[in-house]
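All values below come from the heavy atoms of this structure, side chains included, with hydrogens, waters and symmetry mates left out. Every number for a ligand or one of its atoms is a count from 1 in the order of the listing.
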Amino acid sequence: MAEPIKSILVVGGGTAGWMAAAALNKALGPHATVTLIESDDIGIVGVGEATVPPIRDFNTLIQLDDAEFMRETRATLKLAIEFVDWGQKGERYLHPFGTFGPGATLGDFHQSWLTLRQRGMGQEIDAYSICAQASRLGRVGMREADPRSPLSGLFSAYHFDAGLYARYLRKVCEGRGVRREEGEIVSVNQRSRDGFVTGVTLKDGRTLDADLFIDCTGFRGLLIEGALKTGYEDWSHWLPMNRALAVPCEKAGPLIPYTRATAREAGWQWRIGLQHRTGNGYVYCSDFIDDATAADTLMANLDGAPLGQPRPLKFVTGRRKAYWNRNVVAMGLSSGFIEPLESTSIHLVQSAIYKLLQHFPDTSFSPANIASYNRRLGREVEQIRDFVILHYHLTRRDDTPFWRHAAGMAIPDSLAERVEAFRDRGLLFQVGADEYFSMGSWLAVMLGQGLMPAAANPLHGLQNPASLAGGFDRIAGVIRQTAERLPGHEAFLKAQNMWGADA
Ligand SMILES: Cc1cc2nc3c(=O)[nH]c(=O)nc-3n(C[C@H](O)[C@H](O)[C@H](O)COP(=O)(O)OP(=O)(O)OC[C@H]3O[C@@H](n4cnc5c(N)ncnc54)[C@H](O)[C@@H]3O)c2cc1C
């Protein structure tokens, strides 16, 4: 007979593990025990420092105090990603959060904008985004709920210190009754009749049993792969990055409220400004550059003194063939990795948690329920994958072997359909409710990479161009003035009590 789940073992204490433990503890309260096991000797990846706006919902779900969270993790605000040298060397564009134009949705705004641009009227698309305008001015603020306010579009996420985030979540979780065990798992115990996991055994001989296991063991995938042999779908033919070097440096200059992603010879470099330091990393493909040259490139392109040596990371882009197998749900890097270009990994941990709560099992572990979870999460991951590939596919760079390779790579049919629809007449669409990236995001990156549609929807050409242009100028004016009235980044964080004591 099916029984309720009474015990959950979260295996791994990186960002994924502590997020899962916090949410499951909140959702289940006294009805199930949540235990987390981690190994101090193995440590965490700890370089996930940029996020996307839905993380605010997650922090609300687990009832974090926003100001305390920001102080504890030395967080700053992120309104956009700036892409430098991606379309062509010397070009730069912003992929801002939120939308373009008035109101919370893009609607037909971009089609009217296209008709104007074809007549040589209107301004660059950034002029109609509050996040883009505020980013350029180095300003931040609070989003307003009223859809008539230009500030309703001021969506923001965080940059934070991933090591401090895991530490902070641990403190919160332990205060709420999550049990933490330290130790290295040396074997995973399975039921002989069906392979379900019954427990894990630690180096010191202890065994921890549970009904449900959340595998957050990072790239190792100790349960989902090591024990269950679920299999991995390799996406390196679409996403060729396989190495990263990460190094923090001293802060320099004023805090900017966006991540910067600068294209380099064989990949790209991130720059993430935190309260107390700047995070940097070079993500590259080892077929096109050796590790020493990549390290030299990174170190030569820091805007402050380095705070250590570059830390190497290796990965294979792709995903687990099933995210949930038997009584094991993989979250975080154990479930797959797309590469950090659009900062979506932590978001996918959040999505996996939400979907697990929607599909929460009992001890029967209904196969239909598990299949639904895998399908829905799978669709979301595929859309994110396509969106990241888009940045490489639309490059016009041909100055290095890597960029020539990127421009010539085959792309998934699902992405080809979107690119063609936009190229032809600026059509943007969303396929399903599980998609993360909005039409505004697709618009920003396709235009930013230099793809201008051949034509617009002719219905929009029926409007009077002069009055249309006047309306667009008024919108841009209001957005600009609103951004100019916002406070500077550091001043805002200090005024809101979000600034850490020793930052
Ligand atoms: C280069 C790079 C840049 C990234 N940038 C971003 C970004 O900007 N934004 C973003 O959202 N994401 C980013 N990510 C992804 C992000 O870092 C991860 O999604 C996030 O840190 C979650 O990692 P994790 O918890 O899955 O794994 P890990 O941090 O690797 O944690 C694994 C845990 O498992 C434990 N463990 C493993 N084996 C055992 C064992 N045998 N016994 C006991 N415990 C064990 C370890 O001790 C550790 O606690 C980036 C990733 C990389 C590689």
Side-chain angles (χ1 to χ4, degrees), residues 9-21 35-55 58 78 81 157-163 165-167 169-170 180-188 200-204 206 208 214-227 241-247 259-261 267-272 274 279-284 294 298 310-317 320 330-353 384 388 436:
L9 188 63
V10 177
V11 187
T15 308
W18 284 112
M19 285 175 73
T35 305
L36 182 144
I37 171 141
E38 64 180 320
S39 158
D40 289 341
D41 289 344
I42 294 175
I44 65 170
V45 162
V47 286
E49 299 197 321
T51 59
V52 289
I55 193 167
F58 182 77
K78 171 184 171 189
I81 303 178
Y158 310 104
H159 297 128
F160 56 59
D161 182 319
Y165 185 54
R167 197 192 300 170
L169 287 184
R170 173 180 163 187
R180 173 185 180 267
E181 297 286 347
E182 206 283 321
E184 188 179 333
I185 296 166
V186 287
S187 67
V188 179
V200 294
T201 302
L202 310 184
K203 218 175 188 171
D204 61 13
R206 282 179 298 152
L208 300 173
I214 313 296
D215 185 345
C216 299
T217 57
F219 291 126
R220 285 177 182 76
L222 204 65
L223 279 65
I224 195 81
E225 197 57 49
M241 300 302 165
N242 60 2
R243 295 265 208 286
L245 290 163
V247 70
T259 304
R260 181 173 292 138
W268 61 277
Q269 180 173 336
W270 79 74
R271 182 202 180 281
I272 293 174
L274 303 180
N280 309 275
Y282 187 3
V283 183
Y284 57 98
L298 176 64
R311 189 169 146 232
L313 294 140
K314 288 185 186 176
F315 53 86
V316 179
T317 57
R320 216 52 75 191
M331 290 185 188
L333 298 171
S334 68
S335 68
F337 188 48
I338 291 181
E339 81 135 282
L341 187 60
E342 282 282 350
S343 348
T344 44
S345 289
I346 293 171
H347 176 69
L348 282 172
V349 175
Q350 175 179 345
S351 263
I353 291 169
I384 291 174
V388 172
Y436 167 65

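Residue Ser39 places at least one N or O, backbone or side chain, under 3.5 Å from an N or O of ligand 1. Taking distance alone, with nitrogen or oxygen atoms compared against 3.5 Å, Leu313 stays at or beyond that limit from ligand 1. For ligand 1, none of its N or O atoms has an N or O atom of Val349 under 3.5 Å away. Polar contact check, Ile37 against ligand 1: no nitrogen or oxygen pair lies under 3.5 Å apart.
Looking at atom 49 (O) of ligand 1, its nearest protein heavy atom turns out to be Gly13 N, 2.8 Å. Here the protein heavy atom with the shortest distance to atom 5 (N) of ligand 1 is Pro340 CB, 3.3 Å. Looking from atom 6 (C) of ligand 1 to the surrounding protein, the closest heavy atom is Gly48 CA, 3.3 Å. Scanning the protein for heavy atoms near atom 43 (C) of ligand 1, the closest one is Gly183 O, 3.3 Å. Nearest protein heavy-atom neighbour of atom 21 (O) of ligand 1: Thr15 OG1, 3.4 Å. Looking from atom 26 (O) of ligand 1 to the surrounding protein, the closest heavy atom is Leu333 N, 2.9 Å. Among all non-hydrogen protein atoms, the one lying nearest atom 25 (O) of ligand 1 is Ala16 N, 3.0 Å. Annotation: atom 19 (O) of ligand 1 to nearest protein heavy atom, Ser345 CB, 3.3 Å.
The shortest heavy-atom distance from Phe337 to ligand 1 is under 4.0 Å. Put simply, no part of Ala166 is less than 4.0 Å from ligand 1, judged by heavy atoms. Note on ligand 1: Val47 sits in its first shell, one or more heavy atoms being nearer than 4.0 Å.
Residues Phe160 and Ile55 form a side-chain contact, since some pair of their non-hydrogen atoms from C-beta on lies under 4.5 Å apart. Within the 4.5 Å cutoff, the side chain of Trp268 has heavy atoms near those of the Pro340 side chain. Inter-residue side-chain proximity for Lys78 and His159 is flagged as met; some heavy-atom pair is nearer than 4.5 Å. In this structure, Val52 and Tyr436 have side chains that are in contact, with non-hydrogen atoms separated by less than 4.5 Å. Residues Val45 and Leu313 have side chains in contact (heavy-atom distance under 4.5 Å, counting atoms from C-beta outward).
For the residue pair Asp41 / Ser39, no side-chain donor-acceptor distance below 3.5 Å is found, with atom types taken as modelled. Using modelled atom types, one finds no donor on one side chain facing an acceptor on the other under 3.5 Å when comparing Thr51 with His347.
The closest heavy-atom contact to atom 41 (N) of ligand 1, among the options Val200, Val283, Ile185, Val10, comes from Ile185. Distances from atom 46 (C) of ligand 1 to the heavy atoms of Gly218, Gly12, Gly43, Gly14 show the closest one on Gly43. Distances from atom 45 (C) of ligand 1 to the heavy atoms of Ile55, Val11, Ile42, Asp40 put Ile42 nearest.
Within a 6.0 Å sphere centred on CZ of Arg180, other residues, nucleotides and ligands contribute more than 12 heavy atoms.
The ligand atoms of ligand 1 that sit less than 4.0 angstrom from a heavy atom of Gly332 are 26 (O). Of all atoms in ligand 1, numbered sequentially from 1 with element shown, those under 4.0 Å from a heavy atom of Ala50 are 7 (C), 8 (O), 9 (N), 10 (C), 11 (O). For ligand 1, the atoms lying closer than 4.0 Å to a non-hydrogen atom of Ser343 are 9 (N), 11 (O). Annotation for ligand 1: atoms under 4.0 Å from non-hydrogen atoms of Val45 are 17 (O), 28 (P), 29 (O), 30 (O). Counting the atoms of ligand 1 from 1 in the order shown, those under 4.0 Å from a heavy atom of Arg220 are 37 (C), 38 (N). Every atom of ligand 1 is numbered from 1 in the order shown, and the set under 4.0 Å from a heavy atom of Glu49 is 7 (C), 8 (O). Every atom of ligand 1 with a heavy atom of Ile346 under 4.0 Å away is listed here by number and element: 10 (C), 11 (O), 12 (N). Of all the atoms in ligand 1, the ones that sit under 4.0 Å from a non-hydrogen atom of Ala244 are 1 (C).
Classified by interplanar angle (parallel below 30°, tilted 30° to 60°, perpendicular above 60°), the ring pair Phe315/Phe219 is parallel.
For Asp215 against Ile224, the heavy-atom pair with the smallest separation is OD2-N, 2.8 Å. The minimum heavy-atom distance between Phe337 and Ser345, with the atom names listed, is CE1-OG, 3.3 Å. Of all heavy-atom pairs between Arg311 and Ile44, the closest is NH2-O, 3.4 Å. Across Ile384 and Ile338, no two heavy atoms sit closer than the pair CG2-CD1, 3.5 Å.
Here the SG atom belonging to Cys216 is positioned 12.5 Å from the CD1 atom belonging to Ile37, to the nearest 0.5 angstrom. Between the OG atom in Ser343 and the CD1 atom in Ile81 there is a gap of 4.0 Å [rounded to 0.5 Å].
With a heavy-atom cut-off of 4.0 Å, Cys216 touches ligand 1 through its backbone alone. Only the side chain of Leu222 comes within 4.0 Å of ligand 1, counting heavy atoms alone; its backbone N, CA, C and O stay farther away.
For Arg206 and Glu181, the salt-bridge test passes: some basic side-chain N is under 4.0 Å from an acidic carboxylate O.
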